[in-house]
Amino acid sequence: MKSTTTRRIAGLLCLIGCMAPALSAHAQVVGTVTNLSGILAARSAQGVTRLLAVDSQVHQGDTLTTESRAYAQLKFADGAELTLQPQSMLVVTRYSYDAGKPQDDKVELGLAQGGFRSIAGALGQRSRDATVINTPAGVLKGSATMVVSLVPQ
C-alpha cells in the first residue's frame, strides 16, 4: 500500500513538473531580451521561475528581476525598448499591442524596486495614454521616453 501511494505521489509530481512549462508557454510573448550583463530572472504568473539570456522571450505576467550589477535590455513587440537597472523588479502586468487595432493598445508595468529607462515604440507613439507605470510612489502615465528610478529604503 505504501509503495502504491508513493508511486501515485511521484506520478502526480512528475505530471505537475511537466505541466509547468506548458502553462508558461500559453502566456502571450510580449518581448525579447536583446542585451544582458549579469543575471536576469523571470517568474511567470503561475510561479515558475526561469533564468533569461539574450534572445529569451518575455511574457505577459512575468516578474523580471535583475541581480546586483546586472543590466538587461528588452525589446517589445511594438519596437519599444526598456533597460532595467541593477537590483530591479518589474512586473509586465499587461501588454496589448496589435498593429491593426490601436483602440486595444495598453501597457501596464509595475516597478516594485530599482529603475529603468525606456524608449517608446509604435504603441506609445500612436496611443499616448495607453502606458501606465505603477510604482510604490505613485502612478505614471504617458508614452514619452522616460527614466524611472526608486530610491532604496
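Looking only at distances, no side-chain donor or acceptor of Asp62 sits under 3.5 Å from a matching main-chain atom of Leu64. A donor-acceptor contact shorter than 3.5 Å is absent between the side chain of Ser127 and the backbone of Asp129. Distance alone, capped at 3.5 Å, is enough to place a donor-acceptor pair between the Thr135 side chain and the Ala137 backbone. Side-chain atoms of Gln113 come within 3.5 Å of backbone N or O of Gln87 as a donor-acceptor pair. Put simply, the side chain of Asp104 never gets that close to the backbone of Lys101: no donor and acceptor are under 3.5 Å apart. Ser149 places no side-chain N or O within donor-acceptor distance of the main-chain N or O of Gly115, the cut-off being under 3.5 Å.
The structure places OG of Ser37 at 10.0 Å from CZ of Arg69, a figure rounded to the nearest 0.5 Å. Atoms CG and OG1, on Leu74 and Thr34 in that order, are 6.5 Å from each other to the nearest 0.5 Å. One finds the CG atom of Leu140 at 10.5 Å from the CG atom of Leu109 (value rounded to the nearest 0.5 Å). Put simply, OG on Ser118 and CD on Glu81 are 10.0 Å apart, with the number rounded to the nearest 0.5 Å. Here the straight-line distance linking atom CD of Gln73 with atom CG of Asn35 works out to 5.5 Å at 0.5 Å rounding. Phe116 contributes atom CZ, which lies 6.0 Å from atom CG of Leu111 (distance to the nearest 0.5 angstrom).
Using a 4.5 Å heavy-atom threshold, the side chains of Val33 and Val58 count as touching. For the pair Tyr71 and Thr66, the minimum side-chain heavy-atom distance is 4.5 Å or more. Side-chain atoms of Leu40 and Leu84, non-hydrogen and from C-beta on, do get closer than 4.5 Å to each other. You'll find the side chain of Leu82 stays beyond 4.5 Å of the side chain of Lys75, heavy atoms only. The side-chain heavy atoms of His59 and Gln28, taken from C-beta on, include no pair separated by under 4.5 Å.
Gln57 approaches Val29 most closely through the heavy-atom pair OE1-CG2, 3.4 Å. The two residues Ala77 and Tyr97 come nearest to each other via the heavy atoms O-CE2, 4.2 Å. Nearest heavy atom pair, residue Gly38 against residue Ala70, reads CA-CB, 3.8 Å. Between Gly114 and Ser88, the shortest heavy-atom distance links the atoms CA-OG, 3.3 Å. Scanning all heavy atoms of the two residues, the minimum distance from Glu108 to Asn134 falls at OE2-ND2, 2.9 Å. Val147 approaches Arg117 most closely through the heavy-atom pair CG2-CG, 3.8 Å.
For Asp78, the side-chain hydrogen bond (donor to acceptor under 3.5 Å, both in side chains) partners are Tyr95, not counting sequence neighbours.
In summary, Arg126 and Asp105 engage in a salt bridge, as defined by a charged side-chain N under 4.0 Å from a carboxylate O.
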Do Leu90 and Thr63 pass the side chain to side chain contact (heavy atoms under 4.5 Å, CB included) test, and can you show the C-alpha distance, the side-chain angles, and the key distance before you say yes or no? CA-CA 6 Å; Leu90 180 76; Thr63 299; over 6 Å; no
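When hydrophobic clusters are built by joining Ile, Leu, Val, Met, Phe, Trp and Tyr residues whose side-chain heavy atoms come closer than 4.5 Å, directly or via intermediates, Met89 is not grouped with Leu150.
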